[in-house]
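Below, each value reflects all heavy atoms present in this structure, side chains not excepted, and no hydrogens, waters or symmetry copies. Here is the naming used below: chain letters follow the sequence lines, and residue numbers restart at 1 for every chain.
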There are 2 protein chains.
Amino acid sequence: MVKKKAKSPDADAEQRILDAAHVVFVRRGTAGARMQEIADEAGVNKALLHYYFRSKDRLALAVFQRVAGAVFGRIAQVLASDAELEEKVRGIIAIYLDQFSKTPYAPAYVISEVNLHPERASQFLEMISRTTGAAPVQMLALLQRQIDQRVRAKTMREIAADQFFTNLISLCVFPFAAKPLLCAVLQLDDAGFREYIQRRKVALPRFYLDALRI
Amino acid sequence: MVKKKAKSPDADAEQRILDAAHVVFVRRGTAGARMQEIADEAGVNKALLHYYFRSKDRLALAVFQRVAGAVFGRIAQVLASDAELEEKVRGIIAIYLDQFSKTPYAPAYVISEVNLHPERASQFLEMISRTTGAAPVQMLALLQRQIDQRVRAKTMREIAADQFFTNLISLCVFPFAAKPLLCAVLQLDDAGFREYIQRRKVALPRFYLDALRI
DNA sequence: GTCTATACGGCGATAGAC
DNA sequence: GTCTATCGCCGTATAGAC
């Protein structure tokens, strides 16, 4: 299932199928995606999808893990690191806004998936733990310790670690998840949206850190 | 199509169908929903769905407009009102957190819909304009004027109206949109999530207004 | 208005040739 | 490993009785 042969002319068929599935599942949603469309996108026959991935469900899982991992792995690493709190905030904002500028569809796709398939939430959690070696609870605990330290030193306002965390993620992720809505409300085309995000790269760290300064 | 007869025993069949469709479309997603499941949920026959709504597409549109309207109509009214800026912030946070406590599924559903069906974004916009009588651009302009006024009076930090707006909405909506993920990461069950939201009702206005104070 | 029965197409999955 | 052909089911939609 993981093995590859060097025989195929260009990229592995398996890899091409996974890439195609990625595109189609994101474009149509998991339930709306069609195996035929994925085969066309990959330039192979429908039957080959089953040869490599057995079923649509397994293919969908492979794509979900790929997208979710690319999106949240790096964040978890930053949070679990021993960097200063302010550095973490700046780092996470920069990483997220850059990453999603390249894959703006990812947030909405992940949100849809976890809401429609409850098992995805635990698969997601497991992947984070496997990738970073640390469970999310431990990250939260570390965060709380860093916050408490700054609060005692009177260099930061008091805030619960879970609110700190969700505020930060919300501000980074939501504009991409709701991109079509935002573009409609703010009357932006794709170029306008990119400009909006560019401005946000500057405005967001300021906004977030201002909220916590004494 | 809009007419009702007083003949049916309890609630109109049409209304029961719409209610059932609401539940099922949200639970399964639009593509994953089955007309049979909606019929069962409504306690009627499958054929009756087509009698009232002609097709699955039209039924899906009716449900989307209903959910999106319930969610964003009140917000638009607050934003377009002549209330003080701080009052608007407190009002929107209170309304959103209360509303979504009752219908936590709504944000993820709307996000999925607008990303999968591009035409939904303009339908959404049109509905806002129809409900509130004001186009979103005008709300943004009003917001910018209120911000500029406060900035000139040195009672608030400078911020662009679109960032002001998206920050506020992000902080309110995202935790519900990503609820399954949040519950997994923060290790919350449904009761724990409710407590988290209760704490957020207090923490969020403080956080947001602190970010803008001088 | 509401039901039963059915037409019709599409989709996931598999068999089997090459 | 990749293809063609096909199976069998399920889902939307409609016809027609009551």
Does B:Ala33 reach a base, just sugar-phosphate, or nothing at all? Heavy atoms under 4.0 Å.
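Sugar-phosphate contact only - B:Ala33 comes under 4.0 Å of backbone atoms but never of a base.
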Base, sugar-phosphate alone, or nothing: which one does A:Ala39 contact when heavy atoms must sit under 4.0 Å apart?
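The residue A:Ala39 makes no contact with any strand.
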Which of parallel (below 30°), tilted (30 to 60°) and perpendicular (above 60°) describes B:Tyr109 and B:Phe64?
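The rings of B:Tyr109 and B:Phe64 sit tilted, inter-plane angle from 30° to 60°.
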Rounded interatomic separation in angstrom, taking [atom1] from [X] and [atom2] from [N]:
{"X": "B:Glu37", "N": "D:dG11", "atom1": "CD", "atom2": "C1'", "value": "13 Å"}
{"X": "B:Gln36", "N": "D:dT14", "atom1": "CD", "atom2": "P", "value": "17 Å"}
{"X": "B:Leu48", "N": "C:dA5", "atom1": "CG", "atom2": "P", "value": "17 Å"}
{"X": "A:Ile17", "N": "D:dC3", "atom1": "CD1", "atom2": "C1'", "value": "13 Å"}
{"X": "B:Met35", "N": "C:dC3", "atom1": "CE", "atom2": "P", "value": "14 Å"}
{"X": "A:Asn45", "N": "C:dT14", "atom1": "CG", "atom2": "P", "value": "15 Å"}
{"X": "A:Phe53", "N": "C:dG12", "atom1": "CZ", "atom2": "C1'", "value": "16 Å"}
{"X": "A:Arg54", "N": "C:dG12", "atom1": "CZ", "atom2": "P", "value": "16 Å"}

Does a donor on one side chain sit under 3.5 Å from an acceptor on the other, for B:Arg74 and B:Gln77?
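No, because no side-chain N or O of B:Arg74 sits under 3.5 Å from a partner of the opposite role on B:Gln77.
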Any B:Arg34 side-chain nitrogen or oxygen under 4.0 Å from OP1 or OP2 of D:dC10
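Checking D:dC10 against B:Arg34, no side-chain N or O comes under 4.0 Å of OP1 or OP2.
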Please tell me if B:His50 has a side-chain N or O lying less than 4.0 Å from either OP1 or OP2 of D:dT14.
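For B:His50, the contact criterion (side-chain N or O under 4.0 Å from OP1 or OP2 of D:dT14) is not met.
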Judged by atom type as modelled, is there a donor-acceptor pair below 3.5 Å linking the side chain of B:Gln146 to the main-chain atoms of B:Ala83?
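Here the side-chain-to-backbone pair exists.
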Taking the six-membered ring of A:Tyr105, is NZ or CZ of A:Arg27 closer than 6.0 Å to its centre and within 45° of its axis?
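Judged by the rule, A:Arg27 and A:Tyr105 form no cation-pi pair.
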Nearest nucleotide by nearest heavy atom, which residue falls closer to the 5' end of DNA chain D, A:Lys46 or A:Tyr51?
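First, find each residue's nearest nucleotide; the 5'-ward one identifies A:Tyr51.
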From C-beta outward on A:Ala47, which listed nucleotide comes closest to its side chain: C:dT4, D:dG1, D:dC3?
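Looking only at side-chain atoms, A:Ala47 lies closest to D:dC3.
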Using side-chain heavy atoms (C-beta onward) and a distance below 4.5 Å, is B:Asn167 in contact with A:Leu204?
yes
